[in-house]
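Structure, as structure tokens:
Chain letters run A, B, ... following the sequence lines, proteins first, then strands; residues in each count from 1. Given the structure is predicted, the values throughout are model-derived calculations rather than measurements.
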Amino acid sequence: MDIQQQLTKTISNAFQELFDHTLDPKTFSLQATRKEFSGDYTFVLFPFLKITKSAPEASGAKIGAYLQEKLPEVASFNVVKGFLNISLSAAYWTEVFLQLIEAEDPGSFPAKGRKVMVEFSSPNTNKPLHLGHLRNNFLGFSVANILEAYGYEVIKANLVNDRGIHICKSMVAYEKLGENASPESAGLKGDHLVGKYYVLFDQEYKNQIKKLIAEGMTEELAKKEAPWMKAAQEMLVKWEAGDPHTVDLWKKLNNWVYQGFDETYRSLGVTFDQYYYESDTYLLGKDIVNEGLEKGVFFKKENGSVWADLSSAGLDEKLVLRADGTSVYMTQDMGTADLKYKDHGIEKSVYVVGNEQDYHFEVLFSIMRLLGRPYGEGLYHLSYGMVDLPSGKMKSREGTVVDADDLIQEMVDTARDHTQELGKIEGFTQEEAEALYQMLGLGALKYFLLKVDPKKRMLFNPQESIEFQGNTGPFIQYTHARIAAILRKASQIELDFSAKSCAPYTDLQDTERVLIFHLTDYRNKVGMAAEELSPAVIAQYLFDLAKDYNRFYAELPIFSETKAEVQAFRVALSAQVAKTIRSGMKLLGIDVPEKM
RNA sequence: GGUCCUGUAGCUCAACCGGAUAGAGCAACUGCCUUCUAAGCAGUAGGUUUCAGGUUCGAGUCCUGACAGGAUCACCA
């Protein structure tokens, strides 16, 4: 039983003995005492004044005295207005700390024996990744790490959207203008090359529309009748029919794109356990349409189209099969949901997809639940907000996107400039220096995108957004590097900082107590992040921890202390902070350096 | 127009699901490198939490209604 549980239980006992009232410990909780007051945990008295039948001060004093008497860990208490602030003894905190440093990984939970799939990234194969995809990739990867630490067996899945009208557009433009160019001949990454033809398609398409309108056609009609659009649609039909030439072209372009994506994923440090391709899954789900009709979840209209009636779930009707018997997006997603379950027996499934698809997933999940799927209750849409630029929304076709590869390069370059300016690369080999720039640049980028609550839209200003000071990845990385230097020195002078050598230290300072309090909170934060599917919880935590550590670092000396146990304790405390930073940053997908 | 999301310092974000005097970072200003890394630390200044009501011991947080921004409402994906 941890101290919070002991405190709530004892408070409950206090109500029984002092006020003859039964108070369930589960019905109230303690909060951390705000730092401007003295104490560790605070019990809010206001809701209970009717029970105690006395003023807040008197009630608090009685309960406080009771706690102090019953629990040796309670050193003192004070009552300010309606708040009972409880201070725990230094002995308690040192004891907690000593237990903590002997534990293995500070943030891991016992295995639950349950599986969860996290689907993220899921790119279209007609263009390179951009800033929006980065938020998606970092979120998905981090959430997968967090769920794993929380005890789930996690399968990271990438559902690649490799077929459809979008890739046909690139194919048409390539065939007309490509002159057999290849990534090698064009000197472009594969995904960038294919993306180039996607943009070219759109330019030519717009010209064709303009021309048709000038010839007297309505805009609506012109959009359908433009020659290239018709060509793209024909190509899609041919692809579905398995026309060899079309399929070859499709394979060629997609393979180039995959090579490009692989390179980008590698520099992002993102990996997957399972790839799904829409070219394999786009026909799935039709059997579920029949099942739904039988179960009365779907109904057929006169023209033969099939709909889901979701009025019971507060939604309207939704098409699941066209009149001509072809499937829509929803059909395929129903089939894929079943496929995921069939492949992995997952109980929980997280879809990392932008909030523009909120309605789609609400409908999909409702359908799967109405169909009585065993995994229905475990479906979760991690809906994240768009990343805006100062100029507004990003649009691929209008060239207002921030390209992922360019951005990463820029970040690494900035890290290089900044580091060299500070003159901090003494003793680094060329390779080590480059690895450091990579680590810092990516750390800054990942942290920037992860520190914000996922569901909120966020603003990215390429000139200003990425900093290396304050609430940033490099700040936390720097804190780790500082501690690493202390540990190097400790090992150099062969300092023993095992639990045993720290134990005699009793004169705990405020900044030290705050740090221990923080360190013990890490597990809770991992749990919270897992339940909310929010890496931002971890990011915020790490920043606070690093900040508290830097204060400690500035205020208290280590190696100039004369007493061995003080040195040992402070080095051990530093080591534990470093361990926690490393663990937390790993959950975010960020590496930390030994020197910077 | 219907539905959903968001609105907190000049800017970017927090606030442990209703608790104390709403906190950080950036930008501005003032101090601190003869000590374990100054990518740091300490401090000053900056707020009618978009607005108006309501619920209660207590509201940035819950409810209602405005206002502003965004998303979505295809036999598109």
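- A distance of about 39 Å separates the C1' atoms of B/G46 and B/U3, rounded to the whole Å.
- The side chain of A/Arg322 contributes an N or O atom lying less than 4.0 Å from OP1 or OP2 of B/A77.
- Ring stacking holds between A/Phe83 and B/A20, with the centres under 5.5 Å apart and the planes within 30 degrees of each other.
- When the P atom is used for both B/U49 and B/A20, the distance is 14 Å, rounded to whole Å.
- For the OP1/OP2 pair of B/G25 and a distance below 4.0 Å, the side-chain nitrogens and oxygens of A/Lys547 include at least one atom meeting the criterion.
- Distance, A/Glu561 CD to B/C36 P: 15 Å, rounded to whole Å.
- Counting non-hydrogen atoms under 4.0 angstrom, A/Asn126 reaches nothing in the nucleic acid.
- Between the CG atom of A/Asp388 and the P atom of B/U6 there is a distance of 15 Å, rounded to whole Å.
- What separates CZ of A/Arg551 from C1' of B/C32 is a distance of 15 Å, to the nearest Å.
- At the phosphate of B/A77, neither OP1 nor OP2 sits under 4.0 Å from any side-chain N or O atom of A/Tyr329.
- Taken residue by residue, residues 480-489 of chain A places heavy atoms nearer than 4.0 Å to RNA chain B at A/Ala481, A/Arg482, A/Ala485, A/Ile486, A/Lys489.
- Aromatic ring orientation, A/Phe28 versus A/Phe43: perpendicular (interplanar angle above 60°, classes split at 30° and 60°).
- At a threshold of 4.0 angstrom between heavy atoms, the contacts of A/His166 with the nucleic acid are absent.
- Figure legend: A/Lys301 and A/Trp307 shown as a cation-pi pair, the cationic atom lying under 6.0 angstrom from the six-membered ring centre and within 45 degrees of its axis.
- Side chain A/Lys424 to base B/U37: a donor-acceptor pair is found below 3.5 Å.
- The separation of B/A59 from B/A71, taken at their P atoms, amounts to 35 Å, rounded to a whole angstrom.
- A sub-4.0 Å separation between OP1 or OP2 of B/A71 and a side-chain N or O of A/Arg457 is absent.
- How far CD1 of A/Ile590 is from NE2 of A/His480: 13.0 Å, rounded to the nearest 0.5 Å.
- Of the side-chain N and O atoms in A/Lys456, one or more sit less than 4.0 angstrom from OP1 or OP2 of B/A14.
- The side chain of A/Arg34 contributes no N or O atom lying less than 4.0 Å from OP1 or OP2 of B/A22.
- Residue A/Glu594 is classed as a base contact, given a heavy-atom separation below 4.0 Å to a base.
- Residue-level contact check: A/Met528 touches the backbone only, with heavy atoms under 4.0 Å from sugar-phosphate atoms and none from bases.
- The side chain of A/Pro47 sits closest to B/C57 out of B/U21, B/C57, B/C17.
- Of the C1' atoms belonging to B/G47 and B/C51, the separation is 16 Å, rounded to the nearest Å.
- Side-chain atoms of A/Asp162 do not come within 3.5 Å of backbone N or O of A/Tyr277 as any donor-acceptor pair.
- Here B/A20 presents its P atom at 14 Å from NZ of A/Lys35, a figure rounded to the nearest Å.
- Judged by distance alone, the side chain of A/Gln567 and the main-chain N or O of A/Phe559 form a donor-acceptor pair under 3.5 Å.
- B/G60 sits 12 Å from B/G23 when the C1' atoms are compared, rounded to a whole Å.
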- prompt: Starting at the 5' end of RNA chain B, what dot-bracket string do you get if Watson-Crick and G-U pairs under 3.5 Å are bracketed, crossing pairs use [ ], other-strand pairs use | and unpaired bases use dots?
  reply: (((((((..((((.....[...)))).(((((.......))))).....(((((..]....))))))))))))....
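- In terms of position along RNA chain B, the nucleotide closest to A/Tyr553 lies nearer the 5' end than the nucleotide closest to the other residue of the pair A/Tyr553 and A/His360.
- In this model, no donor atom of one side chain and acceptor atom of the other lie less than 3.5 Å apart for A/Glu494 and A/Ser491.
- Where A/Thr42 and A/Leu556 each meet RNA chain B at their nearest nucleotide, the meeting point lying more 5' is that of A/Thr42.
- A side-chain contact (heavy atoms from CB on, under 4.5 Å) with A/Ser574 is found for exactly one of A/Thr479, A/Ile558, A/Leu515, namely A/Ile558.
- Atom-to-atom, CG of A/Leu389 to C1' of B/G70 comes out at 15 Å; the value is rounded to the nearest Å.
- Classification of B/C33 as syn follows from a glycosidic angle within 90° of 0.
- Going from the C1' atom of B/G31 to that of B/G18 covers 41 Å, rounded to whole Å.
- B/A39 has no base stacking with the ring of A/Phe475 when judged by centroids under 5.5 angstrom apart and an interplanar angle below 30°.
- Checking the phosphate oxygens (OP1, OP2) of B/U12, no side-chain nitrogen or oxygen of A/Lys451 falls inside 4.0 Å.
- One cannot find a donor-acceptor pair under 3.5 Å joining the base of B/A39 and the side-chain atoms of A/Thr479.
- To the nearest whole angstrom, the two P atoms, one in B/G7 and one in B/C63, are 14 Å apart.
- Atom pair A/Phe543:CZ and B/A39:P shows a separation of 16 Å (rounding to whole Å applied).
- With A/Phe448 as the partner, the ring pair (Phe, Tyr, Trp, His ring centres under 6.0 Å) test is satisfied by one option alone out of A/Phe460, A/Phe138, A/Phe475: A/Phe460.
- At the heavy-atom level, A/Glu532 lies under 4.0 Å from base atoms of the strands shown.
- Using a 5.5 Å limit on the distance between ring centres and a 30° limit on the angle between planes, the aromatic ring of A/Phe37 counts as stacked on the six-membered base ring of B/A20.
- Taking 4.5 Å as the limit, some side-chain heavy atom of A/Leu30 sits within range of a side-chain heavy atom of A/Thr8.
- Atom CG of A/Asn471 and atom C1' of B/U12 are 10 Å apart (whole Å).
- Side chain of A/Thr419 to main chain of A/Lys424: no donor-acceptor pair is present (N/O by atom type, distance under 3.5 Å, no hydrogens or angles).
- With contacts defined as side-chain heavy-atom distances shorter than 4.5 Å, the pair A/Tyr351/A/Leu382 does not qualify.
- Counting atom types as modelled, A/Thr472 pairs no side-chain N or O with a base atom of B/A39 as donor and acceptor under 3.5 Å.
- Distance check on atom P: B/G53 versus B/C41 gives 42 Å, rounded to whole Å.
- Rounded to an integer number of Å, the gap from A/Leu459 CG to B/G69 P is 17 Å.
- Side chain of A/Val452, nearest nucleotide from B/C13, B/U6, B/C36: B/C13.
- B/C4 shows a glycosidic angle more than 90° from 0 and is accordingly assigned anti.
- Residue side chain A/Asn85 reaches the base of B/A20 through a donor-acceptor N/O pair under 3.5 Å, judged by distance alone.
- Looking at A/Tyr447, its side chain never comes within 3.5 Å of a backbone N or O of A/Asn471 through a donor-acceptor pair.
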field: Test salt bridge (Lys or Arg N to Asp or Glu O under 4.0 Å) applied to A/Asp324 and A/Arg322, step by step
entry: CA-CA 5 Å; A/Asp324 64 6; A/Arg322 292 193 190 102; 5.1 Å; no
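- Picking from B/U72, B/C36, B/C57 the nucleotide with the shortest atom distance to the side chain of A/Tyr359 gives B/U72.
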Pairs of donor and acceptor atoms involving the side chains of residues 481-490 of chain A, under 3.5 Å and at least two apart or interchain, shall be tabulated with distances.
residue	atom	partner	partner atom	Å
A/Arg482	NE	A/Tyr478	OH	3.3
A/Arg482	NH1	A/Asn550	OD1	2.7
A/Arg488	NH1	A/Glu594	O	3.2

